[in-house]
2 protein chains.
Amino acid sequence: MDRRIKKTRDAIFTAFEELLAEKRYEQITVSDIIDRANIGRSTFYAHFETKDALFMATCDELFAHIFEPHGREHSHDFSEDHGLRARLTHILYHLKDDRDRYTRIFSCESADLFWSYFKKQVAVIAAQKKAPAGSLPQELPEDFYINFYCSAFMEAVKWWFGTGLTATPEELEGYFEAVTG
Amino acid sequence: MDRRIKKTRDAIFTAFEELLAEKRYEQITVSDIIDRANIGRSTFYAHFETKDALFMATCDELFAHIFEPHGREHSHDFSEDHGLRARLTHILYHLKDDRDRYTRIFSCESADLFWSYFKKQVAVIAAQKKAPAGSLPQELPEDFYINFYCSAFMEAVKWWFGTGLTATPEELEGYFEAVTG
DNA sequence: AAGAAACCGAACAATTTGTTTATAATTTTA
DNA sequence: TAAAATTATAAACAAATTGTTCGGTTTCTT
C-alpha cells in the first residue's frame, strides 16, 4: 500500500479516536478531524464518504480480531458449552488488553452501533447454546433463552466498562455465570 | 392553559411523531418539523430549546401513563419485591392494551431511542431491587445485579414485541422470572 | 526521469441552526 | 367591551457545517 495512503488513514483514525475521547460523536465535525489530523479537506473526502463511514471503518478495524477463534478454543470438546465459554473468555481478555481503545469507543455517543454489532457477533457464537437442563423452573422458548444469554453477557461487559474494568476477567465471568447458571 | 399554546404544542408533537415514522431521528431537521406543523420558526424555539428537548417531551407524553404506579401496587407490602413485580406486571398489561400504538413506536427507525428511554424508567422503578438471598452461587455487586435485572426485563419485552405479542403477559412474566429467579 | 497517484487548500453552494426583529392575532383582565 | 398581556408570525440574519470542485504541488512507482 502506498505509504501516503497509510499515513493519511492513520492520521485520520488517530485524530478521530482522540476526538471520540473528548467529544460526543455528533459534536465532532469533519473540520475537527482534518485540523487534528493535519490533512486537507478534500483528502478526507477522498478516503471516507462521510463521518459515519469513518465510524464504521473504525469499528471494522477494532473488531478485526476479537471474534476470531483463538488457540485452544478450536479443539473440539465433548461439552458444547466449553468451547463457547472459552471464546467468551477470550473476548474478555481481548477487551482488557486493548482497554484504552475499547473504552474510547464504548464512551462515544453512537456506541449503540458498536454494541449492536458486538451483540450480533456474540449471538453467532452462542447460536447453539441451550438452556442448562433442569436448572430452570420451566421450559423456555429457545430463542428467548439465547437472546437472554447473549444480552446478559453484553450487559456484563457494559457494566464492566462502566466500572472502568476494575474487576478481573475471571471475576466478571463469575458474575456472568452466577446469573445465567 | 392558553389554547394557542396547546394548539401549537400539539401541532409540533404530531408533526414530529409523523416524521419519526418516516425518517431517522438524526435526519429530521427543525425545518422539517415547522413545515409539517405549519408554524413559525421562532414559535418552535419558543416552545423547545432544541430537537433533543422535543424528543424528551415526546417520550414523556408517549409513556405518560405506563410508568405511573397503579391501583393495588400502592399498598405497602411486607415483601419489597411484591410492589416491583406488580408494577412490572402493570407495564406488561399496559403494553398489551395499547399494543398497536407501542408496536408503532418500537418499530420506527429510531426505536432504539425509545427503548433506551424505556429502560431508564425501568431502572428507576427497580432501583431498590436486591438479589434474591441465597439463590445465587456468589455475591454480586449490587449495581451489577440491578442492571442485569432491568436488562433481562427489557430483553424479555423486546423479545415479546419481536414475536408480535403472541405470549400472554403471564407467560412472559413466567419466562422473565425463570431466568432472574 | 517520467508518469501516476495522492495530497493540498482555497473557494464554493447548499443546509442547518438558533436569534432577533417588528407586526399581527388571540386571550386574559379589568 | 376595551385595554393589556401573551403568543404566534415571517423574514432576515450570522455562524457553522457539509460535500464538491479545481488548479497546483508533493510523493511514489516504474
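- Regarding Asp35(B), its CG atom lies at a distance of 13 Å from the P atom of dT15(C), rounded to whole Å.
- Checking Arg41(B) against Arg9(B), the closest nucleotide of DNA chain D that is more toward the 5' end is the one next to Arg9(B).
- Between dA16(D) and Thr29(A), no contact under 4.0 Å exists linking OP1 or OP2 to a side-chain N or O.
- At a threshold of 4.5 Å between non-hydrogen side-chain atoms, the residues Val157(B) and Phe176(B) do not count as touching.
- Across the protein-nucleic acid pair, Ile5(B) atom CD1 and dT28(C) atom C1' stand 12 Å apart, rounded to whole Å.
- Between Leu19(B) and Tyr25(B), every side-chain heavy-atom pair lies at or beyond the 4.5 Å cut-off.
- Considering only side-chain N and O atoms, Ser31(B) lies nowhere under 4.0 angstrom from the phosphate OP1 or OP2 of dT16(C).
- Heavy atoms of Asn38(A) sit under 4.0 angstrom from primed sugar atoms or phosphate atoms, though from no base atom.
- Nearest to the side chain of Tyr45(A), among dT7(D), dA6(C), dG19(D), sits dG19(D).
- Here dC28(D) is the nucleotide among dC28(D), dG18(C), dA8(D) with the atom lying nearest to any side-chain atom of Asp2(A).
- Of the two residues near DNA chain C, Ala46(A) and Asp32(B), the one whose nearest nucleotide lies more 5' is Ala46(A).
- Taking atom CD1 on Ile34(A) and atom P on dT20(D), their separation rounds to 14 Å, with Å as the unit.
- Glu26(B) has its CD atom 17 Å from the C1' atom of dT17(C), to the nearest Å.
- What separates CD1 of Ile39(B) from C1' of dG18(C) is a distance of 14 Å, to the nearest Å.
- Taking side-chain N and O atoms only, His47(A) has a distance below 4.0 Å to OP1 or OP2 of dC7(C).
- The phosphate of dA8(D) (OP1 or OP2) has a side-chain N or O of Thr8(B) nearer than 4.0 angstrom.
- Rounded to an integer number of Å, the gap from Lys23(A) NZ to dT17(D) C1' is 12 Å.
- Atom NZ of Lys7(A) is separated from atom C1' of dC8(C) by 12 Å (rounded to the nearest Å).
- Distance, Arg4(A) CZ to dC28(D) C1': 5 Å, rounded to whole Å.
- A salt bridge links Asp98(B) with Arg101(B); the closest basic N to acidic carboxylate O contact falls under 4.0 Å.
- Using a 4.5 Å heavy-atom threshold, the side chains of Lys96(A) and Leu165(A) count as touching.
- Evaluation of the side chain to side chain donor-acceptor pair (under 3.5 Å) rule for Glu61(A) yields no partner, not counting sequence neighbours.
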